[in-house]
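Residue numbering restarts at 1 for every chain, and letters A, B, ... go by the order of the sequence lines.
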Amino acid sequence: MSERRYEAREIEAKWQAVWAAEGTWEVSNRPGQEGAGQRSHSPDGARHDKSYVLEMLPYPSGEPHIGHMKNYAIGDAIAHFRRRTGHRVLHPMGYDSFGLPAENNAIKTGVHPRAATEQSIAAFQKAFRSWGVSIDWSREIASHEPEYYRWTQWIFLQLYRRGLAYRKESAVNWCPNDQTVLANEQVVDGRCERCGHEVELRQLEQWFFRITDYADRLLDDLDRIDWPEHVKTMQRNWIGRSVGAEVNFTCAELGIDYPVFTTRPDTLFGATFFVMAPEHPDIFKLAAGTANEQAVHAYVNHALAESAEDRGDIEKTKTGVFLGRTITNPVTGEEIPMYVADYVLMEYGTGAIMAVPAHDERDFAFAMAYGLQIRQVVAPRDGSEIPAGEAYVTKADDAILVNSGEFNGLTPKTGFDRIVHWLDMEGIGHPSVNFRLRDWLVSRQRYWGCPIPIVYCDEHGMVPVPEDQLPVELPDVQDYQPKGRSPLATAEDWVNTTCPECGGPARRETDTMDTFVDSSWYFLRYCDAHNDDAAWDPAVLREWMGVDQYIGGVEHAILHLLYARFFVKALADMDLLDVQEPFNALFTQGMILGPDGQKMSKSRGNVIPPTPLIEKFGADSVRTYILNMGPPDQDAAWNDNALAGAHRLLSRLWTLGEEMGSDVSGGVTGPLATQEDATGPLAGGDEAVTQPADPTGDALTLVRKANWAIDRVTSEFVGRFGFHNAIAAVTELVNDLYRFPEAEAGARRFAVATAASLIFPFAPHVGAEAFEMVTGRRAWEEPWPAADPAMLVADSFELVCQVNGKVRDRVQAPSGASREQLQELALAAPGIVAHLEGHEVVKLIVVPDKLVNIVVR
RNA sequence: GCCGCGGUGGUGGAACGGUAGACACGGCGGACUCAAAAUCCGCUGCCGGAAACGGUGUGAGGGUUCGAAUCCCUCCCGCGGUACCA
C-alpha cells in the first residue's frame, strides 16, 4: 500500500487548470475546430452527430445551492457520455439575471440590482468551475446584458409585427405586495407565486402575447416529444382543451342573443335556467327596470369584492340572484329564468351558461338551493333509477337520451353529434372548442427587467422602436420602490423621447417584460452567442437545435416549458428557425431535501451549503454522492454519512490507480484497439491498457466484472439515467479489485482503467487522475468503452432448482446446456431430492440458463 | 372530486413474470494501533436453530400463472398537479 492519500483538492485544481487553459469543452459552430474534449471518437475520424445537452439556466442570487449541483451533475454526466460516444456536444452556461429578488434587495439595501446580480454571477462562475462542470465558457450569456436583451426586444418586435404581442384592457391579476401584474401561470391558489400575497383582480391595460393562437399545436405536439408523462399531463391540463358547441340563446324581451359554450349539447333539452357571471357587461342592462334591479346590484357588488380565493372555494354554497328576465331555450322553445351567479366565470367560454341541473353537479346544487326545475334528459338504458339527490353525469353508452324530442333513445355521444348538427342546420349553434389557456400577460410594473421597445406619440399612437435603435437600454433610477407603476416612469430623461415616425415628442413604454420572456429563447442564443448582427444565424440554429437533452426541476413544468415551446413555434412560423419544439427530451430532477426529510429552507435551518462539503471531500465526492442518492428524478433527503461513503469509493479507486501507476511491470499489452491518436502533452510515455487475451481464475473474474460494469453503466446512460445504479456497478468492480489482490496484473490494470473510465462522467477529476495514473492517457479523449460480448456470458451459471416455485437448491451448470441436461441436474440436486420424497412429479418447467421448477403433488 | 406517480429491511434504494433486498448508509464483530481516527476484512430482512436448515416476508384482500414486488380487480395510505373551466 502506498503512503500517499487521495487529496481531492489538489487533483481537482490540477484538472480544472488543464480544462481552463485548453478550452477543452469548447465546441465550434464549424465542425473540426473543437477543443480537445470534442475530439472525434468515431472510427472514420468524423463526428456525425451533434448533441445539445442543456440544464435550465440558473437565476443568479447569492451563491448556487445544492440543488444546482444536482442539476449540473446530471447534465454534465450526460454531456461527458455523449462526447465520448462520438457526439459534438454543446453544453453552454448562462444566467437568467433579470428578476424581482435582485430588485427587492435593492429596495432594502440600496445596492443596484446590476451590482448584486453581477456579484452573484461571479459566485456562480466560480462554483461551476470548482465543480468541474464541462461548460463551453465561450458561449456564456446573461439576460440582463444589453447584448442579450437587445435581441429579447427584437423578438418582442417580431411578435408585435405579427399581432402576437398586443395591448388590451382586461381584468388582470395584481399582486399588491410586489405592486405588479402577474401572468395566470404565476398565480397559485389565488396567491402570488413569488411572495405568497393574495392576488387582486384589477382592470388594467397590459401587454399580452397571443399564446392562445398556438393552443392546439402546443397540445398536439406534446405527442412528439420525449418528456415525462406527468409533465405532458400537466401541460395538457393547463391548456385545457374542451370539445363542445356554442349554442345561441335569445332574450326575446330585449332582443339580444347570448351564446353559451357547452361540452354537453346532448343535454340541451334539460337546460331549465340560464346563468351569467357577475362580471358580464350586460348584467345591469338586463336587470334594469325589473323588480330585482336592486338585488342584482347588491349581489354583483358583493361578488366583485370577494377575493379570488374565497370565490374559488368549491365547498362554498351556491349563491345567485334572479335577473328578472327570461331567455328562450332554442330547442324546447321554453322561456327559462336568467340568473347572475358567481359560480359562472367571465374568463371562460362566453361568461354565460345554459344550466342543466339534472346532469351537472354545480347546476344541480344551484337548482336545489333556489327551487328551480330539474328535468332529466339522460337515463340508464336498462331503465334503472338514477341516484336521488345528485346530478347524473354520464356520457357512457349504457345511457340514452329521454325527454329530448326527436333525439330520444340516442346514446349521449350520438345525441351530441346529432344535436350539434341540427343546431348548425338551424343556424343557432355550431361545433366549438374552448381552451382554459389564457394569453400570456408579459408586462410588469417593475424596474429590473427588459424594457419594452415601444414609444407612445400623440400623433402616431403606439410606435415600435426601429430595430436599428435597439437596445432600448435600461436607465438607472434613484428609487426602485414600486408605486403601482414602473419605477422607470421616474426616469424623465429616458421616458421623454422622440417619435420614430414624426420626430415629435413621445414617451417610452415604462413597463418591463416578465423575466420568463428572457428565458424563452436563451437556448437559441447559445448556438450563436456573440452574433452582433442578428439574434442568431438560422444556419447555425439548423446545426444545433433542438435541445437533445434538457434537465431541470418540475417546478417549471408549466411556466417556462410552455412559454419556450410557444416562442419556438412562433419563431418557426416567421422562418427564423426550423424546429417545432425546443426540447426533444426532458429530464426532471427531484429535489434534495434536508437531513430531516423536509424541503431545505433558511427558516428550518436545514440548508446544506455545497462549498464547505467541497472543501472537505472534493467536488467529485459531492457529485458522486448526489447521483448515488437514488433515482435522480426522485426527491431524496441529505445524509452526511452516505456522502462519506461516496468519498470512500473514490478514495479506494484512486488508491488502486496509484498502486497501478507505481507498478510499471506487466500488463501492458498494446494500444486500445479503437484508439487512433493520442497527441496530448502526456502522450509521450503512453501505456494504453487493454483487456488481457485469455484470462483465467481471478483475472477472468475481474475482466468479466469490468465488462459487466461497462454494460451496466452504458445502459443507464442510454436508458433512464439511473446513475445510482451505474455508480453501484463501478463500486462492485472496485470492491472486486480489493477482493482479488492476487489477480494477474494485466487484468487488474484493465479493471482499474475501466473503473476510472466509467466513473469519469460522474467524478471527472478523480476519474481523469486515476485513468492517467494507469494508462498515461486522458479519460475524456478516450472513446467510451464497449463491453466485450464474450465476457458478458460465463461458461457456467448457478442453476436455480425449485419445487413448486420455492427455491430448494442451487447447482452449477454449463451455459447453454440442454433442457434435458438441466432437468437431470436439478433432479439430482440434494436439496431437490429431499423435497421430492413422497411426492409425484407432475410437471417440469425449464428456463434455459436460469432455472428448473419441478411441480409436484 | 378529477388526473398523474408511488407504497420493498433500521434508512436511501436494487430486481426483462424466474434466486427478493444488488450497492450504499447505519448496526454488530474482527485485524492494524499503546490508544483513537483513518484504513482493511467479515456478518447483518424477520422468527426458530449452535449450525445445517426450516418457516416467513415487497401497504391490505382477491385473481391469472408452474412461478407475481412485477400482470388484472377491489380497497387503504402517501406524494405531486389541478379544480365552480360549463
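Within the structure, every side-chain polar atom (N or O) of A/Lys850 is placed at least 4.0 Å from both OP1 and OP2 of B/G18. Listed pair A/Arg648 / B/C25 meets the phosphate criterion, a side-chain N or O lying under 4.0 Å from OP1 or OP2. The side chain of A/Arg436 places no N or O atom within less than 4.0 Å of a non-bridging phosphate oxygen (OP1 or OP2) of B/A86. Remark: A/Asn735 is in phosphate contact with B/A24, judged by side-chain N or O atoms under 4.0 Å from OP1 or OP2. OP1 or OP2 of B/A14 has at least one side-chain nitrogen or oxygen of A/His724 nearer than 4.0 Å. Close to B/C85, at under 4.0 Å from its OP1 or OP2, lies no side-chain N or O of A/Thr263.
Paired runs in RNA chain B that reach 3 or more consecutive Watson-Crick or G-U pairs, where each pair keeps both distances under 3.5 Å, cover B:1-7 with B:76-82, B:10-12 with B:23-25, B:26-31 with B:39-44, B:45-48 with B:53-56, B:59-63 with B:71-75.
Comparing the same atom, P, in B/C53 and in B/C41 gives a spacing of 26 Å after rounding to whole Å. When the C1' atom is compared between B/G13 and B/U58, the two are found 13 Å apart, to the nearest whole Å.
If you measure from atom CD1 of A/Ile727 to atom P of B/A24, you get 12 Å, rounded to the nearest angstrom. Per the geometry, CG belonging to A/Leu851 stands 15 Å off C1' belonging to B/A15, to the nearest Å. What separates CG of A/Asn628 from C1' of B/C25 is a distance of 10 Å, to the nearest Å. The CG-C1' distance, from A/Asn853 to B/G17, rounds to 13 Å in whole Å.
A donor atom on one side chain and an acceptor atom on the other are not found under 3.5 Å apart for A/Tyr343 and A/Thr319. Under 3.5 Å, the side chains of A/Asp282 and A/Tyr258 contain a donor-acceptor pair of N or O atoms. Donor-acceptor pairing under 3.5 Å is lacking for the side chains of A/Asn237 and A/Arg436. Judged by distance alone, the side chains of A/Thr212 and A/Asp439 do bring a donor and an acceptor atom under 3.5 Å apart.
If you find the closest nucleotide of RNA chain B to A/Gln634 and to A/Arg739, the one lying nearer the 5' end belongs to A/Gln634. In terms of position along RNA chain B, the nucleotide closest to A/Ala636 lies nearer the 5' end than the nucleotide closest to the other residue of the pair A/Met354 and A/Ala636.
Contacts of A/Arg808 with the nucleic acid, taken as non-hydrogen atoms under 4.0 Å apart, involve only primed sugar atoms and P, OP1 or OP2. Residue contacts for A/Val344: at a heavy-atom cut-off of 4.0 Å it reaches a base atom on one of the strands shown. Within the 4.0 angstrom heavy-atom criterion, only backbone atoms of the sugar-phosphate kind lie near A/Arg652; the bases stay farther away. Among the protein residues, A/Glu361 comes within range of no part of the nucleic acid, since none of its heavy atoms lies under 4.0 Å from any strand. Residue contacts for A/Gly645: at a heavy-atom cut-off of 4.0 Å it reaches the sugar-phosphate backbone alone, with no base atom in range. Contacts of A/Val807 with the nucleic acid, taken as non-hydrogen atoms under 4.0 Å apart, involve only primed sugar atoms and P, OP1 or OP2. Within 4.0 Å (heavy atoms only), A/Val847 reaches at least one base atom of the nucleic acid. At the heavy-atom level, A/His647 lies nowhere under 4.0 Å from the strands shown.
Ring-centre distance between A/Phe721 and A/Phe717: not below the 6.0 Å cut-off. The distance between the ring centers of A/Phe274 and A/Tyr339 does not fall below 6.0 angstrom.
Under the 90° criterion around 0 for the glycosidic angle, B/G26 counts as anti.
Salt bridge absent: A/Arg623 and A/Asp620 never bring a charged side-chain N and a carboxylate O closer than 4.0 Å.
Counting atom types as modelled, A/Asn641 pairs no side-chain N or O with a base atom of B/C25 as donor and acceptor under 3.5 Å.
A donor-acceptor pair is defined here as one N or O able to donate and one able to accept, closer than 3.5 Å; no such pair exists between the side chain of A/Glu10 and the backbone of A/Glu7.
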